[in-house]
Engineer: 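Before anything else, here's the structure in question.
Note that the structure is a prediction, hence the values are computed from the model and not measured. Whatever order the structure lists ligands and atoms in, that order sets their numbers, starting from 1.
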Amino acid sequence: MNKQYDVVVIGAGPGGYVAAIRCAQLGLKVACVDEWHNAKGESLLGGTCLNVGCIPSKALLESSHLYAAAQNEFKDHGIGIGKISIDVPAMVARKNKVVQELTQGISALFKANGVDFIHGHARLEQGKKVVVRERGKKKILARLEAENIILAAGSSSVHIDQAPLDQKYIVDSTGALEFDAVPKRLGIIGAGAIGLELGSVWSRLGSEVVLIEAMDEFLSIADQQISRTAFRSYKKQGLDIRINARLLSATVKNKEVHVTYEDNRGAQQVVFDKLIVAVGRKPNSDTMFGDEMELELDERAFIHVNKYCETSVPGIYAIGDLVRGPMLAHKASEEGIMVAERIAGQVSSLNYDHIPSVIYTQPEIAWVGKTEQACEAEAIPVNIGVFPMSASGRARAMGNNEGMVKIIAHKETDRVLGVHIFSAQASELISQAVTAMQMQASAEDIAMTIFAHPTLAESIHEAALAVDKRAIHIKS
Ligand code: FAD
Ligand code: AMP
């Protein structure tokens, strides 16, 4: 007998668990199925984000910041601490504790909201039926059926033949969160968000880091003025970023990784102690259903959906990393909320133009809305205001005054079209820009807003004034 629900959610990452909780809040009878487990086979909620993505990477990031600050910055503050050392297993254990507490928190939220959780691998069958098995086994653990199905199965690292993973010397982003010592020479294939973030963690902990990136433009998704400034800053920090460099092979010999790549001078060779492959992620759309489901996929295997995350089959929705758009946890969660609310009959939508992006290096890169190059390409007339962090009193007091805030406003309407930040705490600052843009603010609206002094956020105020060439703390 199939157990009946209003909604069955497949996947308990930030897309799925949030969707399930919102469904329950709205009075829908909901089950959520997820197969993630630890070495003992016990279920772990939270998906990629909590287990091997956003949260563990930020836990290590925090440790590496403290280590680098103790080593390089404390003395400027007159703080002496003698010789400092690093215990990587302790750092990783702390990271694991943070993850464990948060995954248990989701379990508690499911119980509190009355979400039925089922641990196992879900397969969608015709008639909106879901069969749950232990992964790779035949035995059926549960049979579910629902009016509405939300697919939230997330994504996995892309693996490439040129660099076969052994998870000891050649690893993906998951392996890079589990090193037991600081590799002396660390190679990273791919200088995207994940490669840069992991590269800066291990670089701060003492690795010599080389990033090998196939594209000839560094961070082409970001505003190019910001990318160029960040590139110079990363180089100064010791990150050796080789663009226009395509990986040819990576092989392990005598406990070393021998890498060959090609750039415009021909084939180059470099040897590392560890290699991280961070060349992107692909949607987990291959094991969850068969062709008979008639769910349309695009050429990169993302499940095809409209702006409301409706698939080609009525009553079946797909969200998060499984579908088009940036592979970001907050995008997955907001899609989960929108779908839950629409299932419950509410009017709900998502503004895809206002999804913030962050690259957690030091300084951080964060942005929302259009880049200057996108405005140029679309022939949108703009006024631009830039305020350098070197002119921010708070940034100077913090001893971290690299970077800038850049605001792009429409030349005629003054409406803010994009905000781009390269600075300490840019990940926190960007939310003010997202809020302003969501309220359809003009640069003048931000200019008229009173910001507390001294704060990094004042740089947003000054950049808005600079749009109209009247910033106070720089000559416009
Ligand atoms: P996922 O989090 O991948 O969850 C999918 C879940 O579905 C998994 O638990 C999986 O076990 C389960 N599942 C899949 N198939 C089945 C099945 N058939 N049956 C049962 N269960 C199934 N994003 C940010 O916004 N900020 C960051 O700082 C950030 N840092 C990152 C750092 C790293 C190293 C990585 C790898 C990713 C990072 N991301 C970050 C991306 C973020 O983790 C993803 O965008 C987000 O997790 C996507 O959420 P999701 O719910 O779509 O899928
Ligand atoms: P992201 O998509 O942000 O995760 O970044 C992945 C990065 O890896 C992109 O910038 C790609 O250009 C880069 N990349 C993909 N394949 C290769 C390759 N074979 N060699 C070097 N870089 C690659």
Engineer: Below 4.0 Å from ligand 2: does a non-hydrogen atom of Ala245 turn up there or not?
Structural biologist: yes
Engineer: Check whether any N or O atom of Lys58, backbone or side chain, sits under 3.5 Å from an N or O atom of ligand 1, and answer yes or no.
Structural biologist: yes
Engineer: Would Tyr360 count as a polar contact of ligand 1, with the cut-off being nitrogen or oxygen pairs under 3.5 Å?
Structural biologist: no
Engineer: Should Thr287 be listed as contacting ligand 1, given a heavy-atom distance under 4.0 Å as the test?
Structural biologist: no
Engineer: Which residue supplies the protein heavy atom nearest to atom 18 (C) of ligand 2, what is that atom called, and how far is it?
Structural biologist: Ile189 CG2, 4.0 Å
Engineer: Check Ser155 against ligand 1 and report side chain, backbone, both or neither, counting heavy atoms closer than 4.0 Å.
Structural biologist: backbone
Engineer: Short N/O distance, under 3.5 Å, between Leu177 and ligand 1?
Structural biologist: no
Engineer: Tell me which one of Ser427, Gly46, Ala122, Ser357 gets a heavy atom nearest to atom 18 (N) of ligand 1.
Structural biologist: Ala122
Engineer: I'd like to know if Pro326 contacts ligand 1, where contact means a heavy-atom distance under 4.0 Å to any ligand atom.
Structural biologist: no
Engineer: Taking 4.0 angstrom as the limit, do Glu178 and Lys95 come out as a salt bridge?
Structural biologist: yes
Engineer: Between Asn51 (side chain only) and Leu45 (backbone N and O only), is there a donor and an acceptor less than 3.5 Å apart?
Structural biologist: yes
Engineer: With the threshold set at 4.0 Å, does a side-chain nitrogen-carboxylate oxygen contact exist between Glu145 and Lys128?
Structural biologist: no
Engineer: Below 4.0 angstrom, N of the basic side chain to O of the carboxylate: do Arg300 and Asp298 qualify?
Structural biologist: no
Engineer: Among all the protein's non-hydrogen atoms, which is closest to atom 24 (C) of ligand 1, and how far away is it?
Structural biologist: Ala329 N, 3.5 Å
Engineer: Nearest protein heavy-atom contact for atom 8 (O) of ligand 2: which residue, which atom, what distance?
Structural biologist: Gly190 CA, 3.2 Å
Engineer: Should the pair Arg185-Asp273 be classified as a salt bridge under the 4.0 Å nitrogen-to-oxygen rule?
Structural biologist: yes
Engineer: Does the side-chain contact (heavy atoms from CB on, under 4.5 Å) test come out yes or no for Phe218 and Glu213, once each step is laid out?
Structural biologist: CA-CA 8 Å; Phe218 176 65; Glu213 167 56 52; 5.7 Å; no
Engineer: Measure from atom 5 (O) of ligand 2 to every heavy atom in Gly192, Ala193, Ala250 and give the option owning the shortest one.
Structural biologist: Gly192
Engineer: Any carboxylate oxygen within less than 4.0 angstrom of a Lys/Arg side-chain nitrogen, looking at Glu335 and Arg324?
Structural biologist: yes
Engineer: Using a strict 4.0 Å threshold on nitrogen-to-oxygen distance, state whether Glu101 and Lys97 make a salt bridge.
Structural biologist: yes
Engineer: Which option wins on minimum heavy-atom distance to atom 42 (C) of ligand 1: Cys54, Ala193, Gly325, Gly53?
Structural biologist: Cys54
Engineer: Going by the closest heavy atom to atom 7 (C) of ligand 2, which one wins out of Glu197, Arg246, Glu213?
Structural biologist: Glu213
Engineer: Consider ligand 2: state whether an atom of it lies below 4.0 angstrom from any non-hydrogen atom of Ile194.
Structural biologist: no
Engineer: Which heavy atom of the protein is the closest neighbour of atom 20 (C) of ligand 1, given with residue, atom name and distance?
Structural biologist: Gly120 O, 3.3 Å
Engineer: Suppose I only count heavy atoms of Ala278 and a 4.0 Å limit; which atoms of ligand 2 are within that range?
Structural biologist: 6 (C), 7 (C), 8 (O)
Engineer: Report yes or no: does Ser423 contribute a side-chain atom to a donor-acceptor pair with the main-chain N or O of Gly403 at less than 3.5 Å?
Structural biologist: no
Engineer: Based purely on interatomic distance, does Gly320 place a nitrogen or oxygen under 3.5 Å from a nitrogen or oxygen of ligand 1?
Structural biologist: no
Engineer: Please report the interatomic distance CD1(Ile149) to NZ(Lys129), rounded to the nearest 0.5 Å.
Structural biologist: 10.5 Å
Engineer: Between the side chains of Arg242 and Tyr261, does any donor sit under 3.5 Å from an acceptor?
Structural biologist: yes
Engineer: Of all the atoms in ligand 1, which lie at a distance below 4.0 Å from a heavy atom belonging to His121?
Structural biologist: 17 (C), 18 (N), 19 (N)
Engineer: Check whether any N or O atom of Asp34, backbone or side chain, sits under 3.5 Å from an N or O atom of ligand 1, and answer yes or no.
Structural biologist: yes
Engineer: Do Lys139 and Glu134 sit within salt-bridge range, that is, some charged N less than 4.0 Å from a carboxylate O?
Structural biologist: no
Engineer: Classify the contact between Val279 and ligand 2 as side chain, backbone, both or neither, using a heavy-atom distance cut-off of under 4.0 Å.
Structural biologist: both
Engineer: Using a 4.0 Å cut-off to any heavy atom of Ala332, which atoms of ligand 1 qualify?
Structural biologist: 49 (O), 52 (O)
Engineer: So is Glu35 polar-close to ligand 1, meaning N/O to N/O under 3.5 Å?
Structural biologist: yes
Engineer: Write out the residue and atom name of the closest protein heavy atom to atom 22 (N) of ligand 2, then the distance separating them to 0.1 Å.
Structural biologist: Ala214 N, 3.1 Å
Engineer: Do we see a donor-acceptor contact under 3.5 Å between the side chains of Tyr234 and Thr361?
Structural biologist: yes
Engineer: Please determine, by modelled atom types, if Gln237 and Ser233 share a side-chain donor-acceptor pair under 3.5 angstrom.
Structural biologist: yes
Engineer: Measure Ser173 to ligand 1 on non-hydrogen atoms and call it side chain, backbone, both or neither using the 4.0 Å cut-off.
Structural biologist: side chain
Engineer: Considering the heavy atoms of Cys49, write down every atom of ligand 1 situated less than 4.0 Å from one of them.
Structural biologist: 2 (O), 43 (O), 47 (O)
Engineer: With Lys307 as the cation and Tyr352 as the aromatic partner, state whether NZ or CZ is under 6.0 Å from the six-membered ring centre and within 45° of the axis.
Structural biologist: no
Engineer: When you measure from atom 20 (N) of ligand 2 to every protein heavy atom, which one gives the shortest distance, and what is it?
Structural biologist: Leu247 N, 3.4 Å
Engineer: Heavy atom under 4.0 Å from ligand 1: found in Asn51's side chain, backbone, both, or neither?
Structural biologist: neither
Engineer: Is the shortest N/O to N/O distance between Ile319 and ligand 1 below 3.5 Å?
Structural biologist: no
Engineer: Do Gly11 and ligand 1 have an N or O pair less than 3.5 Å apart?
Structural biologist: no
Engineer: Quick check on contacts: which atoms of ligand 2 are under 4.0 angstrom from a heavy atom of Gly280?
Structural biologist: 4 (O), 6 (C)
Engineer: Parallel, tilted or perpendicular: which one describes the rings of Phe179 and Trp202, with boundaries at 30° and 60°?
Structural biologist: tilted
Engineer: So, regarding Met288 and ligand 1 (criterion: nitrogen or oxygen to nitrogen or oxygen, under 3.5 Å), is there a contact or not?
Structural biologist: no
Engineer: Give the ring-plane orientation class for Phe110 versus Tyr17, where under 30° counts as parallel, over 60° as perpendicular and anything between as tilted.
Structural biologist: perpendicular
Engineer: Considering both backbone and side-chain atoms of Arg281, is one of its nitrogen or oxygen atoms within less than 3.5 Å of a nitrogen or oxygen in ligand 1?
Structural biologist: no
